[in-house]
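Scroll down for the structure; my scribbles are underneath it.
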Number of protein chains: 2
Amino acid sequence: MNPQPGSFPAAGHDHHACVRSALRGAERLCAEQGLRLTAIRRRVLELIWQSHRPSGAYEILEQLAGEGHRPSPPTVYRALEFLLAHGLVHRISSRNAFVGCSRPGQGHMAQIFICDRCSVAVELADGTLNRRIRRNADDLHFHIREQTVEIAGLCPACAGRANEG
Amino acid sequence: MNPQPGSFPAAGHDHHACVRSALRGAERLCAEQGLRLTAIRRRVLELIWQSHRPSGAYEILEQLAGEGHRPSPPTVYRALEFLLAHGLVHRISSRNAFVGCSRPGQGHMAQIFICDRCSVAVELADGTLNRRIRRNADDLHFHIREQTVEIAGLCPACAGRANEG
DNA sequence: AATGAAATGTTATCCTGTAACACACTTGGA
DNA sequence: TCCAAGTGTGTTACAGGATAACATTTCATT
Ligand SMILES: [Zn+2]
Ligand SMILES: [Zn+2]
Ligand SMILES: [Zn+2]
Ligand SMILES: [Zn+2]
């Protein structure tokens, strides 16, 4: 089952499918737009997709280091810059971290829900919400370039266990 | 004229009034809730309010240093922590900076518009938007603790000058 | 004064992100 | 084939943001 955008991933979902789907999506998008999904970029995207939790740049760096690459920060940040620029990942400002985008290539006005306990992040694209934001901006005569909507709290699974550990 | 929440501050507005109003509001809020608005906390709040642009923690630190205090980072961060905890300032995640809250003590589900060019930030409290977010959270069975809504772009004044320098 | 809690000082260190410059690889044309 | 020009990567060094851990002071209350 693919990552169902708009719901928290089920406990035992086939996550390999998430990764495969994300990589295939990236390949397709790059092919269509004449972009170069180089080895590093591909590998960084793959690492980010290893879970639904946002990854820090230095986490990615460490994982790459464990594979012989030993890249330096700029290398990783450049790959992230590319992935961000083409909508393949989202940056989570409130955590200084990056998460794979569930719907690449469809414009990116996402709101992202992040669990305080398990860190799983899920994105939602809500036209109504986006229109409301745009309308508020219009009232202020403000020209939107980019928006950040991040909601922190407890995912359903963790809310259930709220009183445990 | 006080800081009109919900609009960009006019070019020649009486900003001293903004500062006075913010400080008085903080004093009142602290008095009501039995909180201690110590010298540092008060001074940090005052420095943050010196403009409508979000200030970085280290900017504040430098300004304090120029006054003889020479505090260290934790001192400033603690003051900020206090001000955040009681809704006197907002943290702008997308900029690692802090801005004074225009309506302290009224719950804080603000969306904040920030100009890319002049950095002025304006907050808006939109019940409709907040309800929409809450509704999306409910659909996901997600329990909201905190939300971050930051919109970057051009304020009316800067949009007008878009083609100049 | 004595006590305990809250606030501040101090030091050292992490974590995040970028500037600047060198090198390599691709691509297209002379 | 050789030569740009453009893009991507390697490397070094550093800037900027935030916190851990512990010592000390301040404050309200007894
Ligand atoms: Zn998955
Ligand atoms: Zn969770
Ligand atoms: Zn003002
Ligand atoms: Zn502006």
Side-chain angles (χ1 to χ4, degrees), chain A residues 26 30-31 33-45 47-48 53-65 67-86 88-99 114 119 146 148 150 152, chain B residues 26-27 30-31 33-48 53-65 67-86 88-99 114 119 146 148 150 152:
Chain A
C30 289
Q33 305 192 10
L35 305 171
R36 295 172 56 189
L37 188 60
T38 63
I40 298 182
R41 292 170 178 174
R42 193 191 147 88
R43 187 68 187 124
V44 168
L45 182 60
L47 286 173
I48 286 179
R53 280 172 277 120
S55 313
Y58 281 73
E59 272 179 66
I60 296 168
L61 198 60
E62 278 175 29
Q63 292 182 262
L64 287 171
E67 302 173 1
H69 276 260
R70 302 265 159 216
S72 42
T75 300
V76 171
Y77 277 100
R78 283 168 190 152
L80 289 170
E81 191 181 14
F82 172 87
L83 297 171
L84 280 172
H86 300 99
L88 293 166
V89 304
H90 292 289
R91 179 186 161 77
I92 312 293
S93 295
S94 56
R95 312 231 163 178
N96 298 326
F98 304 84
V99 71
I114 310 139
S119 300
E146 183 180 68
T148 303
E150 297 168 14
Chain B
E27 277 158 10
C30 288
Q33 305 192 11
L35 305 171
R36 294 172 57 191
L37 188 61
T38 63
I40 298 181
R41 291 169 179 174
R42 193 192 146 87
R43 186 70 187 122
V44 168
L45 182 61
E46 197 175 1
L47 287 173
I48 286 179
R53 279 171 278 122
S55 313
Y58 281 72
E59 271 179 68
I60 296 168
L61 198 61
E62 279 174 29
Q63 293 181 261
L64 287 171
E67 302 173 0
H69 276 259
R70 302 266 157 214
S72 41
T75 300
V76 171
Y77 278 101
R78 282 168 190 150
L80 289 170
E81 191 181 13
F82 172 87
L83 297 171
L84 280 171
H86 301 99
L88 294 166
V89 304
H90 292 289
R91 180 187 159 76
I92 312 291
S93 295
S94 55
R95 312 230 162 177
N96 298 325
F98 305 84
V99 71
I114 310 138
S119 300
E146 183 181 69
T148 302
E150 297 168 15

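Atom set for the values below is all heavy atoms of this structure, side chains included, hydrogens, waters and symmetry mates excluded.
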**Asked** Tell me: CG of B:Leu61 to C1' of C:dT10, nearest whole Å?
**Response** 13 Å
**Message:** Applying salt bridge (charged side-chain N to carboxylate O under 4.0 Å, His left out), can you list everything that pairs with A:Arg91, at least two apart in sequence or on another chain?
**Reply:** none
**Item:** Test item: A:Arg95 and A:Ser119 side chains (from C-beta on) under 4.5 Å apart, heavy atoms
**Value:** yes
**Side-chain N,O (A:Tyr77) to OP1/OP2 (C:dG17) below 4.0 Å** = yes
**Item:** Integer-rounded Å distance: D:dT7 C1' and A:His86 NE2
**Value:** 12 Å
**Close side-chain approach of A:Leu80 to A:Ile48, heavy-atom, < 4.5 Å** = yes
**d(CG, A:Leu37; C1', D:dT9) in whole Å** = 15 Å
**Item:** Distance-only donor-acceptor test, B:Tyr58 side-chain atoms vs D:dA15 base atoms, 3.5 Å
**Value:** no
**Prompt:** Given atom CZ of A:Phe98 and atom C1' of C:dG17, what is their separation to the nearest angstrom?
**Reply:** 9 Å
**Prompt:** Around atom CZ of A:Arg53, are there more than 12 heavy atoms of other residues, nucleotides or ligands at under 6.0 Å?
**Reply:** no
**Request:** Write down the distance between CZ (A:Arg42) and C1' (D:dT9), rounded to a whole number of angstrom.
**Result:** 19 Å
**Asked** Can you tell me how far P of D:dA15 sits from CD of B:Glu62, to the nearest Å?
**Response** 13 Å
**Request:** Side-chain contact test, heavy atoms from C-beta onward, threshold under 4.5 Å: evaluate it for A:Ile114 versus A:Ser94 and give yes or no.
**Result:** yes
**A:Arg43 and A:Glu67 ion-paired at < 4.0 Å** = yes
Anything under 3.5 Å between a protein N or O and an N or O of nucleotides 6-9 of chain C, put it in a table, one pair a line.
| residue | atom | partner | partner atom | Å |
| --- | --- | --- | --- | --- |
| C:dA7 | OP1 | B:Arg41 | NH1 | 3.3 |
| C:dA7 | O5' | B:Arg41 | NH2 | 3.4 |
| C:dT8 | OP1 | B:Thr38 | OG1 | 2.6 |
| C:dG9 | OP2 | B:Thr75 | OG1 | 3.3 |
| C:dG9 | N7 | B:Arg78 | NH1 | 2.8 |
| C:dG9 | O6 | B:Arg78 | NH2 | 2.5 |

**Request:** State whether A:Asn96 places a side-chain N or O below 4.0 Å from either non-bridging phosphate oxygen (OP1 or OP2) of C:dG17.
**Result:** yes
**Prompt:** Roughly how many Å is it from CG in A:Leu84 to P in C:dG17, rounded to a whole number?
**Reply:** 10 Å
**Message:** Return the OG1 to NE2 distance between B:Thr148 and B:His90, rounded to the nearest 0.5 Å.
**Reply:** 11.0 Å
**Prompt:** Base, sugar-phosphate alone, or nothing: which one does A:Arg95 contact when heavy atoms must sit under 4.0 Å apart?
**Reply:** nothing
